[in-house]
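Here's the structure we're looking at; comments come further down.
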Amino acid sequence: MVDDGSTDGTVRAVEGAARTDGRVRVQREPHRGQGGAVRAGLLASNAAHRFICDADLSMPVHELERFMPPALGTADVAIGSREGAGARRVGEPLFRHVTGRVFNRLVQRLAVPDVHRARRRDGVSTRHGRRLGLRHRGALPGRAGPRILEVPIEWHYREESRLNMSRDALGMLRELRQIHGRARRGGYAVAPPDRRR
């Protein structure tokens, strides 16, 4: 678990689990926001498969098998989706659902405008596009990019969520504009994935 300054009881609970399970540990990081915490955790791990989720387990643990072999197939990255065909949202208020959809559209327009949706024969959505260096079932010639799989999941709304739309919306929009600007300047180079698995 990566902790960047939480004040609830999550760290104590994880430290208690770590005392009896050597696979569990707390990685403390300075507060840089969710992106910084995710990046630090991924870089610290040397596992063959790395999975990111919130500590509140809004996505139930039993959904994890959807992201592992053999369900992963030949994808390099699998992304959980609350919107894809077969996804299930539990207990989410209408207002949160609508605002989430609006923000998702903004992300698609500003951050990943060249990403298009396609359908695989197995009915699972995949995303591919020129900006990611992808095409269906592979990469564009000369630009080997990651193969990305979108996985529909069961997701549960948590009332204790710390996301406050009225407080956080401007900050998220500001970050989207920064990502959009950097992408237009070519600031997100796609490294060829390791195909040796």
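- Judged as a salt bridge (Lys or Arg N to Asp or Glu O under 4.0 Å), and not counting sequence neighbours, the contacts of D21 are R23.
- Taking T10 as the reference, D8 meet the side chain to side chain donor-acceptor pair (under 3.5 Å) condition, with sequence neighbours excluded.
- Scored by the salt bridge (Lys or Arg N to Asp or Glu O under 4.0 Å) test, R82 finds no partners at all (sequence neighbours excluded).
- Applying the salt bridge (Lys or Arg N to Asp or Glu O under 4.0 Å) definition to pairs two or more places apart or across chains, none involves residues 36-55.
- In this structure R105 satisfies the side-chain contact (heavy atoms from CB on, under 4.5 Å) test together with R101, Q108, sequence neighbours excluded.
- For H62, the side chain to side chain donor-acceptor pair (under 3.5 Å) test picks out no residue, with sequence neighbours left out.
- Not counting sequence neighbours, N46 has no partner by the side-chain contact (heavy atoms from CB on, under 4.5 Å) test.
- Counting heavy atoms from C-beta outward, Y157 and S58 have side chains that stay 4.5 Å or more apart.
- Atom CE of M1 sits about 11.0 Å away from atom SG of C53, to the nearest 0.5 Å.
- Residues V151 and F51 are members of one and the same hydrophobic cluster, defined by side-chain heavy-atom contacts under 4.5 angstrom among Ile, Leu, Val, Met, Phe, Trp and Tyr.
- Rounding to the nearest 0.5 angstrom, the gap separating the CG atom in D4 from the CD atom in E29 is 8.0 Å.
- For S45 (side chain) and L42 (main-chain N/O), no donor-acceptor pair under 3.5 Å exists by modelled atom type.
- The side-chain contact (heavy atoms from CB on, under 4.5 Å) test applied to V26 returns D3, V11, V14, E15, R28, not counting sequence neighbours.
- Side-chain contact between I148 and I79 is present, with heavy atoms from C-beta onward closer than 4.5 Å.
- The main-chain N or O of G80 is never found under 3.5 Å from a side-chain atom of E150 such that the two would form a donor-acceptor pair.
- In terms of modelled atom types and a separation under 3.5 Å, the side chain of H156 and the main chain of V90 share no donor-acceptor contact.
- Residues satisfying the side chain to side chain donor-acceptor pair (under 3.5 Å) criterion with R25, sequence neighbours excluded, are absent altogether.
- With sequence neighbours excluded, the residues that form a side chain to side chain donor-acceptor pair (under 3.5 Å) with R89 are E83, E92, H97.
- Taking the side chain as every heavy atom from C-beta outward, L106 and L176 approach each other to under 4.5 Å.
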Could you pull out every donor-acceptor pair under 3.5 Å between side chains of residues 64-72 and any protein atom, sequence neighbours left out?
unit_1, atom_1, unit_2, atom_2, d
R66, NE, E63, OE1, 3.3
R66, NE, E63, OE2, 3.3
R66, NH1, P152, O, 2.9

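- Contact record, L149 with A75: CB-CB, 3.7 Å, taken as the closest heavy-atom pair.
- With sequence neighbours left out, E175 forms a salt bridge (Lys or Arg N to Asp or Glu O under 4.0 Å) with no residue at all.
- Within a 6.0 Å sphere centred on CZ of R32, other residues, nucleotides and ligands contribute more than 12 heavy atoms.
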